[in-house]
Structures are given as structure tokens and as C-alpha cells.
Amino acid sequence: MKKKYNNFIIILLFILGILGLIATLIYIFHSSTAILTSDSVITDVLSHQQRLKNTLFLKTWYYGNEFWLFSLSIPTYLLSFFIKNNVILRQISVLITAILFFFLIIKYCKKSFNFKQTIIICIIFLSGISYSVLDYFYAFNAYLTVIINSLFLIYLFYKVILDTNTNKIFSVLLLIFSLLFNIGSLRYFPSVIIPLIMAFITILFLENKTKNTEMIIKENKKKLIFIIYIITFSLIGLGIFYLLTNIYHYEQRAGNMTLGVLSGKIVINKISAIIDCINNFFGYDNRNNPAAFMTGMQYFVPNHRIYKIFSVMSFTMLIKIIMCLLVIVISPIILFKNYKSNNKFINFLLIFNTYSWIVMIMLYILTCNFFYNYSELKYFLLNIVLNLIMCIYSLYNYVVSKRIKFYIVDIFILLYIASNLYTTYNIISVNNTEAINKKYELVKVLKENNLYYGYGCFWSGLLMHFLSNYDVTIAALEFRDSGLYKYKWYSDETWYNKKNNGTVFLIMDKLDKKRFSYYKDKKYYKPDKIIKCNDFLIYVYNKNPFLNLK
Amino acid sequence: MTKNKNNIYILLLIASIFSALLYMIISLKSDFSIMYNVTEIIGRKQFLFHNFIINNYMYDGTLYIINPGLLTYLFGNTFIIKFLVTLSLLLVYMFLIYKISDMYLNKNQKIVLFLILLCGISRDYMLSIFLYNSFLYQVVIFLGVYYLCFKLFNSNKLLKIIIFTILIILLGINSFYCLHTIIIPYIILELLYNYKKQKIKNGYKFLIFFITLFLLYLFYIIIANNYYLFTISYKLFDIKNRFLSLIDIAISIFGIGNGYDLITNGKYIIYYNNMSNYSLSSIYGITILFRLVFMLFTIVVMPIILIKNKNKNEMKINKLAVFNFISIVFNSIFYIFLGIASYDIVDIKYYIFNYIIMFILDIYVIDKYLLKYDVIKKLIILFFNIFIILNIITNHMYIFAY
């Protein structure tokens, strides 16, 4: 009876998994193009520039926040030798990173989960979870690579420091990647390295509570020396990172380490932003629909879709709220309560993740950040993913103690996956061919009018450059109150100094146009031609009036 | 604690005292504080009008009847006099802390408490204690009244009880706030513990307390009807802001934020811009991280440990913790709902007393429950030494800011 029931559930899970796989593939190879923004294509443009200039670090490139050394740019760069269409190139690269992610998840599951629990975790991720997760994983993608890198580092650390049988190759890899990840970005040290070390010290203490310090040091001398190596390699990596920021054009905005002014109001705002991020991950609010998050030409278009209380959508939201509570609140409490009976790997993840949450929240509250709203989810993705994995463990190891609870958990998980699939289906159906064609309209108009070089805001610039297969170059400008300035953020210095003998253009959306109308500089006001395309105005100049901008 | 470790703490204590005195001297010399001059201005008016309570003066709930500012006025508003007056008030503050901590902590624990209070845990704490003697005055009144309340309830001789009662009234008439911060919570505490024993012991002491409280309230009602004691403003939408400013006060006392300056150049509450460019990886940033850990321990971890071990704690410690909790609740009710304070970070003066009690509890909890594990003991000692040294260094950054 029990075997038959289990087989039935596994068959159901497989059916949902296949549906999830199809939905994910459709999203990667079709819908994601409609969701792309300039931010999403940064790594693609970067790898294109790296290939053009045959160098890893670009002298004339304006880097922002990080160098994206270990990101989508690696598969994109390698595949660019074989695939010429950059959209397909991107989609295949995204697929490769997605496969890597699932490979790592299976590796994690092998440590402490049975077959059924492993496929549940994989299918939950395949079901799409929410609009934001789909965007961050397969459209924006940069943050999926951050999760992959972090999971890889955590896995290596566990293998080398806490596992019994360790191959020396893992130790070497751990040191190399501690160095390399920290060269590329400022994020791994606080979110991964510090919590790893703190987790190790805590576990060491919990295992040797009664012993004195000298004895513990003596018994764990090798491990402690290796920890010192990891810290040293990470710090060297950070040192090189700071060196590179001085050599190249670099600006740190999000995740800035400068201390911010702190008050009760700021603390409460930032904490509610973190709660928003969690809502955003599970996607149970009516803000979470395809038109709401990072779409459109301006950032964060407010779009609250209204659903009826008694509708399928509100039912899926209810399921997602319950899942969110289970993942974020209930399962960590259950796991801490059962610390002694947990699997060793789960305990390690539990302690690591607790420290990582604390460090990230404290850093977020103490330092100046670019802005604080639900897009900050990017900082907490890794932590929520780990929480989700641990939640499945706690549900199937502690909650299902009685038969009836076993059925309830199974039915709830099936409902949760089905809810995710339903929202993913909605997202795919909205981001259809029509939506994709709309994205290409501006590129089409520019090409039809023989306009290949011009200026515009960042949000239209980099994306149009990418969608035009790098035929159209748009140097990003900042429309300040005092006039036009170079927007030194993921653009190339040489784009501003191109002495174009032919026509140049300036693309403006409604907001840019409003600011532009205040400027007193009359040379900008005499375009030789004005073209309209949807919400955009294209000013065409026969002679470039934008040379020598600051 | 071994002898060597004791020596290190004594060295750190000497460094902290020097650093605090240096801070006091340099900041007093720069002489731009309105808050310092509050006592001096009131002293001048008291002398001119030959009255301890002045007509047409907008008091903020504190009457300064026993006023150190009188001395500043009489002997001249010079640096030396200001220094001596502030120093003597500071010595009274230290004496009272010594006397109160003596009831709960052993010698080594007291050294640790004084280290925390002298090393400069935050810019705003330093300003409140070592520069603005009107703030220090408020804290001294609270400490004094608490000490006298404790002594009164633990004395059995009638003469002592009468003396303590008179002293409580003498101190109590100086500040309205000590009624709801100290006296009412203390009565509730004693009633609670007597109720637990299902028998009210020493009923006459309660009677004395209630009469004292009644007299003080009567005094303040008369004063409020004849003078400007304070204005109570009650607006519903303010409640959220006032609640948030409780977090501001915690941030301010533990020095976590990137520099509010209480009062500079005669302007009330401005951002201290020099502070806002520090990176988290600078010495200032690292100090803030250490302070943050200390703050989280004090506000979150310590109360949890105390509650979990309520049966293992000493009775006097449980009583101190309960008293502090009631005091904070009453203080905050008056603060949030009645709006008698100004609800910005100058209000830290009303909470410094409660935080000092929390530091005493911190030290007790650490010593009793955490130092029994060798690894944790070593980590805490290391953390504490670095914490003190970083605070002393950061304190010098404040000195140079003048």
C-alpha cells in the first residue's frame, strides 16, 4: 500500500516535472527575450567586447559593481566562436548555467536527501517559483551565476574541512576559487567566506564543548591552518580586486561599503525591504506579474494587477504564502530544535545560512546601498535557496511523523508545484511573440532609417545594442538637470568619442524628453529630423552635437 | 580571571580614564554647547530672581532645583570652573554606579563595567556624560533615586528610612521623570515580589513610598499649574515617529549610526557630515561592527539567557532585570503616548540609566553562563579587549573632530 502510494506520488511528481521542464525551456528560449533589460545583457555585451578586443579586462570599459569574471560571459565568450546569432548564443549560455545549477542542487541533495526529496527540490526549481525567480535565473541570469559560484564554494568547503574522505584536488580548487571569486566581486567575502569560517568555528565548538581551547587547537591543527589559508587567499583576492578598481574605470554603487546614516526610520525601511524581497521570491503578491518587475524602459514600473478573491490566482497565492512561512520561519526553528538528530551536512548548511543571513542583513542595514526596495532580492537569493532546500529536509524528516501528516505534506508540495506552474504559464503566455516583436520595434526603426550610431539613456542603450546584434551602438547619457553627461556605467569610453561623419541620433523616452526640454543649450534643439516610435522620440542630427561631453 | 588579565584591564581602565578626561577637557574648551549652558542659564536666573523655580521659564520636566549651574554662575563661566563642576558631577555619577554595581557584581565585574562606561561606547554617550552636564544631571538623579529606593526597602532602622525618604523627595523634586522611571517601577517590583510570596512584608514601607509618591505628584501638579513645567502634545500620527525614535536612541547609545551629532554650533540636531564617509572596512567601520554585536547581545541575547535561566539566577539579579523592564515600559509609555519629551535623540538622557542597568546584567550573564566554556571564554575576552581598544581609538577621532 505504502509502496503503491509512493510510486503514485513519484509519477505525479514526474508529470509535473516534465511540465516544469517544458515551461522552463520555453521561458529560456522564448519568453525571456521579452523580459530582457539593459541590466540583463551586461554580461553578453561584456563578453562581446572581450572578444572584439581580445582581452579579459577592458581598458576603456566603465565597470560597475563588479568585474563579472565568473558569470554568463564565460559560456557566451566560448560559444561565440561557433554561434553568430547573439540571442541564441545567450539562450544556450543560460541553459548551460541552468544545467550547472541543477547539477549542484543534485550534488547537495546526495549528501542528505532520498530520491523522492531530491526530485521534489529539482521540480520546485523547475516549476519556476515566481516571476522574479524566473527573471533572476534565466532572463537577468547574472544572479544565477552568483548562486552557482556560492553553492560551489560552500560545497568545496564542506568537502575539504568537514567531510571525512577528501581528495586533495578539492583543497586546491577551494583555494583557487576563494582567490578568483574575490578578485571578481566584493560579494563573496561577506556572504560566503565569513559565514563559512564562523560556521566552522561554531561546529568545532559544539563538537568539543567540554574540551579546553589548547586541546581543540591541537586536535584540529590541520583544519585551522587550512582555514588561515582560505582567509589569506580570499584577502589576496580582495586586494587584487581593489587594485583592479584603481587600474580600470570602476564604480561601486549597489553594495557600497560606505557607512550610511542610521535611524529608526531607515532600519524599519530596510527591514521591510528585506521582507519585500522574500515576498518577491515566492511571488504571492499582486505586484508579481510580468509587467511589474524590471520591464519597460524605465526601472520598476508599478503595475498592480487586481485578482478576484475567489480565483485560481488567489488560491495559488495562499499556497505560496504558506510555503514562504514554512521555508523562512518554521523549518529553521524545527531544524534548530532537532539539531542533534539532523544530518551533518544539513547542520552545516543551517549554521552557515544563519550566519550568512545575519551578515547580509547587518551589512545591508549599516552600509549605503543604491536603493532599497524589492529588487534587493538579488542579495538574499542564495540564502532563500538554501532555506528552501532545508525546508524540504525538515518537512520530510520531522513533520511527517504520522501517516496523516505524510499525506498532507505530499498534497501540499504537489499543490505548491502546481501553483508555481500556473504562474509560470501566465508569465509565458503574456510574454509571447507579440511582446518580443515589440521589443525589436525600436531597433527595426533605427535600422530602417540607417541609424547605427547615437546616444540615449542606459535603459534603451545597452539593450538595443544587444538586440541589434551589436550593429547599433548607443552611448549611454545621463539627463541631469544641468545638462547632458556621459553615463559611465557599463558603457565604453570609445563610444562617446566616435567621430561619426554621418548622422547620429538621440533616443528619449517621456521622462528624458521632459528633462531635455529644460536645457538651454540650443545646439541640441535643432535636430534635422524627428522620428517617433511607440513611447520614444528619436532626434536625428546630421552633425554630432554631443562630442566632448563630460 | 588571572592576575595578568586583571593587569591588562587596569591598564585599559587607566587608558579609558585618560581618554575620557581628554575628551572632556578638549570639548569643554571648544565651548559651543547649548546643553552645557542650560544649567548655567538656570543658575543665573535662580540667583537673579532669588527663587529656585523661575517664572516664565520653559522647563522640560526637569527643574534643576539643586543646580550645579549655580556654581558656574557664581564662580564665573570659565573653563576651570566648568571643568570642576562637570568633574564633580561625574565623580558623583561614578560613585553612584559603583555603589549600585556593588550590590550585584564582584570586583572584577565592576572593573569591566567601568571599562564599558569610560572607553567611549558612542559619540552621543560621550557627549551626554562628559560634556552636557544637564544630561549627566538627569542620569545622576535617576541613579541616586534608584540607589535610595533600594536602600530604603532593605533598611530596617526607622532613622535610616526617614533619611532615605527625605533624600528621595529632595532628589525627586528635581526631575519629574524619576517618578515614572524609578519610583513607580520600584513600587510595582516590590509589590510583584511580595505578591509572589503571597504575603506583603513591611507594609509600612509601601505606605511611606506611596506617601512620597503622592507628595511628589502633588508638588508637580502645583508646579505645572503655576510654572511652565512641560507641554504635553498628543498627536496620534506621532506615535509611529516616537516608536521609531526609540530605535534611534538605541542606535545613538551604542554608536552604531554613522554620526548624528547631538548639538553642534548652536544648531539643534544636525548630521555630523565628517562621519558619513567612513567605509565599513575602516577602523571606525570595524568599531561599529563590534558595537553592533554588543548591542545585539544587550538587547536580544542577554534578556533571552536571563529568562531561560530565571530559576538559576540570583534573586537580586532577577529583581533588577524585572525592575529595568518595568522602567523601560513606563518610560516608553510616557515617551510614546504622552509626548512629554522632545522625541529625538536628545532623549537618550532618559534611557542612559536603563542601559547602564542592562550593562550590569550583561556582565552578570556573561560571567555566569558563558565563561564556563573555555573556547567561548577566550573569544569573549578577545572580543572585549578589541572592543575597548577600538572604542578608545574612535573616541580620539571625536576629540580631533573638535
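First the proteins, then the strands, lettered A, B, ... as listed; each starts at 1. In this text the structure is predicted, and so the values were computed from the model without any measurement.
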Answer key: most heavy-atom pairs under 4.5 Å with chain A among B:Leu379, B:Ile376, B:Leu246 is B:Ile376
With respect to chain A, which residue among B:Leu280, B:Val375, B:Ile247 yields the maximal number of heavy-atom pairs within a distance under 4.5 Å?
-> B:Leu280
Using a cut-off of 6.0 Å, state whether more than 12 heavy atoms not belonging to A:Leu206 lie near its atom CG.
-> yes
Using the side-chain contact (heavy atoms from CB on, under 4.5 Å) rule, take A:Lys209 and B:Lys372 through it: C-alpha gap first, then chi angles, then the decisive distance, then the call.
-> CA-CA 10 Å; A:Lys209 253 183 190 176; B:Lys372 61 181 175 186; over 6 Å; no
If every non-hydrogen atom of B:Asp248 is compared with every non-hydrogen atom of A:Lys265, which pair is closest and at what distance?
-> OD1-N, 4.5 Å
Is the count of non-hydrogen atoms from other residues, nucleotides or ligands lying under 6.0 Å from A:Tyr248 atom OH greater than 12?
-> yes
Among A:Asn212, A:Leu363, A:Ile217, which has the most heavy-atom pairs under 4.5 Å with chain B?
-> A:Asn212
Hey, is NZ on A:Lys344 packed in by over 12 heavy atoms from elsewhere, all under 6.0 Å?
-> yes
Among A:Ile216, A:Val267, A:Leu366, which residue forms the greatest number of heavy-atom pairs with chain B at distances under 4.5 Å?
-> A:Leu366
Quick one: which residue pairs count as a side-chain hydrogen bond (donor to acceptor under 3.5 Å, both in side chains) with a foot in residues 215-231 of chain A, not counting sequence neighbours?
-> A:Lys211-A:Glu219
Given the rule in the side-chain contact (heavy atoms from CB on, under 4.5 Å) test, do B:Leu296 and A:Met362 qualify, once you have shown the distances and angles that lead to the verdict?
-> CA-CA 11 Å; B:Leu296 289 177; A:Met362 287 309 148; 3.9 Å; yes
Residue pairs meeting side-chain hydrogen bond (donor to acceptor under 3.5 Å, both in side chains), one or both in residues 236-247 of chain A, sequence neighbours left out, come to none
Inter-residue atom distance B:Ile288.CD1 - A:Thr367.OG1, 0.5 Å rounding = 11.0 Å
